[in-house]
Amino acid sequence: MRNQCLRVFDHHIRLFRKTLMSSIVTRFAPSPTGMLHIGGVRTALINWLFARHHGGQYLVRIEDTDRKRSTPEAVKAIEDGLEWLGLGSDQDIAYQSTRQARHRAVAEQLVQQGKAYYCQCSTEELTEMRTTARAEGRTRVYDRRCRDADIATEAETVVRLKVPTTGETTIDDWVQGSISMQNDHLDDYILLRADGTPTYMLSCVVDDADMNISHIIRGDDHINNAFRQIQLIRAAGFPEPAYGHIPLLHGDDGAKLSKRHGALGVDHYRTEGYLPEALLNYLMRLGWGKGEEILPLAQAAEIFALSDMSKAAARVDFARLKYFNASYLRNMSNEKAVAHLAAYRDCVFSSPEQEILLRGLNSLTQRTETLEELSNAANIYLYPPIWPLVDQKAAKQFAAKASDAGLQDIHRLAGSWAFDSAESLKEAVAGYVTERNIGFGKVGQPLRIALCGTMQAPDIGEILYALGADETKNRLAHAIENIEN
RNA sequence: GACCCCAUCGUCUAGCGGUUAGGACACCACCCUUUCAAGGUGGUAACACGGGUUCGAUCCCCGUUGGGGUCGCCA
């Protein structure tokens, strides 16, 4: 018990010291081999949150180390995605591919210092070693046969790091706690390929050091890399960064995130009508449960702590994402909603359209969950109903009830209404209904259909107010022409 | 297979030795009601299992089971 406390205390002291020693710099380092998916977005977000909380810097580095697989399209998709989300870099984006000379120099220096060595093992030999290692139940594959062979530089040789063969490496991970690995389980991994290009392990470590990254926050699929990278950091004499390995996101079936689940590009969520702030708020809640559920980013940054993050993987739940999106949509001002809608539709509204939407859009944001739905719903304001109605249910209702509804009366009365608020208009209609001593629905439903062409529309008062006097009377006149007697 | 990690309602989580195990999404019922929503009220539903430690374990330790990650001249 006391030991436990002391250990925890000691752990915190060490973390605290590390924090004080240098300023906080985090980085999001995606590889442009595919789209930016929500797992990556969450990693970026956590890096951003942590940096903001500590008043530090959040940087973005594109890990495009050669690769036949990394494409300019993917780079653009990542940059656009981050921009859309508001998770752009605090400084110019770094491109790893531009720094290969520096990476190579570090490797060559390590060779000179005897901390790395040339290896000329063939692919066949390696395959054999792999098979043997697997058969013997070993994690370490390479048997270090070139380690002391003293091979001079030649073509077709790679450079490997001399990893300690004894001892243990421990990481005080800010998320995972203390994790250890026997060094003997670690490979003498490759720093420079036979063609002289640096591997990810080399590039990543050198760039993190050169960019003064203080805290490496990434997916826990990198835990094993951390043990290996630390060996290189020590060999090169770089300062050791702090680590925070966050659990990966899983699909709704508990399996790894795949294209079937959420591994779609963020642009997909954009076209589906999700708001950046809602997507981010949702993602933030996976593995971090502090504060209110709906929590604006700036407030989240204030109370964010890596140590509060769950160590367990979370599944994505699209129903919940939708709920978050709906919540943000519902609480949005008309002005903002109109701007979002215009951006989503990629259009400019005419000034009459703008006026109608400015008056009526939030009667719609209350009943839609995404911008896509909002955009569809907004058509009732943007376009008058076309007669005969395409909505069969509405057409039937209208045919059955319109003759009794007194739409002509409403049309006439509307001429004297002020159209200054949804409430007063609703009262006006209610007054008419009371006068005739019938139920509100007898008039409300046909009127709604007359004005919108569908039954799925807001409160009568809200519709009237949004449309305004002229549009209301025009639409009513058309509807009246289509009443069957 | 070896190594590393994880484990509270279906899902996301709160909990940090003593709680009627709390909240949210989803689901169900009811209320409100001019449609559709929203909102309100209530409900179903969880500490994976087995050993310890302790007066007392969801919580600490060990094991089992289950899940995930890693084992590339990919990143």
Side-chain angles (χ1 to χ4, degrees), chain A residues 1 4 29-34 63-70 96 119 121 123 126 130 133-141 156-160 173 176-177 179-182 185-187 189-195 197-201 203-204 219-228 245 247-248 250 252 254-256 282 285-290 292-294 310-324 326 330 363-369 377 393-394 397 426 429-430 433 439-449 452 454-461:
Chain A
M1 175 66 203
Q4 166 76 9
S31 68
T33 52
E63 308 246 306
D64 56 351
T65 306
D66 120 305
R67 289 305 347 115
K68 299 142 202 137
R69 287 194 286 154
S70 70
Q96 200 157 60
C119 162
C121 291
T123 315
L126 257 17
R130 225 184 309 283
R134 182 72 189 234
E136 293 175 1
R138 268 188 289 110
T139 298
R140 183 167 52 74
V141 170
E156 296 305 305
T157 60
V158 301
V159 171
R160 287 183 186 271
D173 194 281
Q176 305 286 333
I179 44 179
S180 301
M181 171 82 85
Q182 294 295 322
H185 290 147
L186 270 21
D187 243 338
Y189 61 89
I190 293 173
L191 263 22
L192 243 35
R193 302 189 187 97
D195 65 2
T197 57
T199 61
Y200 160 76
M201 294 298 264
S203 306
C204 180
D220 68 8
D221 53 335
H222 281 286
I223 286 180
N224 285 276
N225 284 339
F227 289 113
R228 308 204 286 161
H245 287 95
L248 258 22
H250 286 177
D252 51 12
K256 194 177 178 177
Y282 167 71
R285 251 61 258 270
L286 297 177
W288 185 62
K290 292 289 182 287
E292 297 293 318
E293 295 250 60
I294 302 288
S310 166
K311 296 201 245 176
R315 303 182 186 201
V316 293
D317 178 356
F318 293 108
R320 202 166 152 79
L321 203 210
K322 262 202 168 171
Y323 165 79
F324 274 76
R330 222 181 295 129
S363 64
L364 263 24
T365 53
Q366 286 167 40
R367 58 205 82 212
T368 52
E369 297 192 293
K393 236 178 136 184
Q397 280 276 318
K426 185 178 174 179
V429 176
V433 167
F440 196 104
K442 284 258 196 290
V443 174
Q445 194 68 305
L447 181 55
R448 185 192 326 279
I449 297 167
C452 302
T454 175
M455 298 195 293
Q456 290 169 21
D459 176 270
I460 287 294

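In what follows, chains carry the letters A, B, and so on, assigned in the order in which the sequence lines appear, proteins first and then strands, with residues in each chain numbered from 1.
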Next on the checklist: Please report the distance, rounded to the nearest Å, between NE2 in A:His250 and C1' in B:U11.
Outcome noted: 14 Å
Checklist entry - Considering only B:C4, B:A7, B:C73, which nucleotide approaches the side chain of A:Ala312 most closely? => result B:A7
Item to check | Where A:Ile179 and A:Ile223 come nearest, the two heavy atoms and their spacing | outcome: CD1-CG2, 3.8 Å
Next on the checklist: Both A:Leu126 and A:Arg285 contact RNA chain B. Which one's nearest nucleotide lies toward the 5' end?
Outcome noted: A:Arg285
Checklist entry - Base, sugar-phosphate alone, or nothing: which one does A:Gly219 contact when heavy atoms must sit under 4.0 Å apart? => result nothing
Next on the checklist: When the P atoms of B:C47 and B:C9 are compared, how many Å lie between them, rounded to an integer?
Outcome noted: 7 Å
Checklist entry - With a 4.5 Å heavy-atom cut-off, do A:His222 and A:Asp220 have their side chains touching? => result no
Checklist outcome for this item: Re B:C30: Watson-Crick or G-U wobble partner, both distances kept under 3.5 Å, found to be B:G40
Next on the checklist: Work out how far the P atom of B:C28 is from that of B:G18, and round it to whole angstrom.
Outcome noted: 37 Å
Checklist entry - Rounded to whole angstroms, how far apart are CZ on A:Phe227 and P on B:C5? => result 7 Å
Next on the checklist: Please pick, from B:C73, B:C5, B:C12, the nucleotide with the shortest atom-to-atom distance to any side-chain atom of A:Arg130.
Outcome noted: B:C73
Checklist entry - Who is the Watson-Crick or G-U wobble partner of B:G72, with both distances under 3.5 Å? => result none
Checklist entry - For every nucleotide of nucleotides 28-43 of chain B, 5' to 3': is a protein heavy atom under 4.0 Å from its base (B), only from its sugar-phosphate (S), or from neither (-)? => result ------BBBBSS----
Checklist entry - Are there more than 12 heavy atoms of other residues, nucleotides or ligands under 6.0 Å from atom CD of A:Glu136? => result yes
Checklist entry - Within the pair A:Lys311 and B:U13, is there a side-chain N or O less than 4.0 Å away from OP1 or OP2? => result no
Checklist entry - Roughly how far apart, to the nearest Å, are B:G63 and B:U20 at atom C1'? => result 33 Å
Checklist outcome for this item: When rounded to whole Å, the CG to C1' distance for the pair A:Asn224 and B:C3 reads 7 Å
Item to check | Most 5' of A:Asp221 and A:Pro198 on RNA chain B, judged by nearest nucleotide | outcome: A:Asp221
Checklist outcome for this item: Rounded to whole Å, the CD-P distance (A:Glu292 to B:A14) equals 14 Å
Item to check | Close side-chain approach of A:Lys442 to A:Val433, heavy-atom, < 4.5 Å | outcome: no
Next on the checklist: Which heavy atom of A:Ala377 sits nearest to which heavy atom of A:Thr368, and what is that distance?
Outcome noted: CB-CG2, 4.0 Å
Checklist outcome for this item: note: A:Arg228, atom CZ; B:A75, atom P; distance rounded to Å ~ 12 Å
Checklist entry - If you measure from the C1' atom in B:U53 to the same atom in B:G17, how many Å do you get, rounded? => result 11 Å
Checklist outcome for this item: Residues passing the salt bridge (Lys or Arg N to Asp or Glu O under 4.0 Å) test with A:Glu293, sequence neighbours excluded, are A:Arg320
Item to check | Per A:Lys290 side chain, nearest of listed nucleotides B:C25, B:G15, B:C12 | outcome: B:G15
Checklist entry - So, A:Thr65 versus A:Gln96: side-chain donor-acceptor pair below 3.5 Å or not? => result yes
Checklist entry - Between B:G23 and B:G15, how far is it from one C1' atom to the other, in whole Å? => result 12 Å
Checklist entry - C1' atom, B:C4 versus B:A38: distance in rounded Å? => result 48 Å
Checklist outcome for this item: Nearest heavy-atom approach of A:Arg315 to A:Tyr282 is O-OH, 4.1 Å
Checklist outcome for this item: Scanning all shown strands, the Watson-Crick or wobble mate of B:G56 with both distances under 3.5 Å is none
Next on the checklist: Under a 3.5 Å cut-off for both contacts, is B:C49 paired Watson-Crick or G-U wobble with anything, and if yes, with which nucleotide?
Outcome noted: B:G63
Checklist entry - Counting any heavy atom closer than 4.0 Å, what does A:Gln176 reach on the DNA or RNA strands: base, sugar-phosphate only, or nothing? => result sugar-phosphate
Checklist entry - Base, sugar-phosphate, or nothing: which does A:His222 touch, judged by heavy atoms less than 4.0 Å apart? => result base
Checklist entry - Base, sugar-phosphate alone, or nothing: which one does A:Ser31 contact when heavy atoms must sit under 4.0 Å apart? => result sugar-phosphate
Checklist entry - What is the distance, rounded to the nearest whole Å, between atom CE of A:Met181 and atom C1' of B:U70? => result 8 Å
Checklist entry - How would you label the contact of A:Cys119 with the nucleic acid (heavy atoms, under 4.0 Å): base, sugar-phosphate, or nothing? => result nothing
Checklist entry - With a non-hydrogen cut-off below 4.0 angstrom, is A:Val141 in contact with a base, only sugar-phosphate, or nothing? => result sugar-phosphate
Next on the checklist: Using a 4.0 Å heavy-atom cut-off, does A:Arg134 contact any base of the nucleic acid, only the sugar-phosphate backbone, or nothing at all?
Outcome noted: base
Item to check | Atom P, compared across B:G39 and B:C6: separation rounded to whole Å | outcome: 38 Å
Checklist entry - So which nucleotide does B:G17 pair with, by the Watson-Crick or G-U wobble rule with both distances under 3.5 Å? => result none
Checklist entry - What is the base-pairing partner of B:U11, counting Watson-Crick and G-U wobble geometry with both distances under 3.5 Å? => result B:A24
Checklist outcome for this item: Taken to the nearest whole Å, CG/A:Asp187 to C1'/B:C71 is 8 Å
Item to check | Euclidean distance, atom CE of residue A:Met201 to atom P of B:A75 [Å, nearest integer] | outcome: 11 Å
Checklist entry - How far does the P atom of B:G68 sit from the matching atom of B:G52, given to the nearest Å? => result 31 Å
Checklist outcome for this item: Sorted by chain and residue number, the salt bridge (Lys or Arg N to Asp or Glu O under 4.0 Å) partners of A:Arg228 (sequence neighbours excluded) come out as none
Item to check | Flag side-chain contact, heavy atom, 4.5 Å: A:Leu191 against A:Tyr189 | outcome: yes
Checklist entry - So what does A:Asn225 hit on the nucleic acid, given a heavy-atom distance under 4.0 Å: a base, only sugar-phosphate, or nothing? => result base
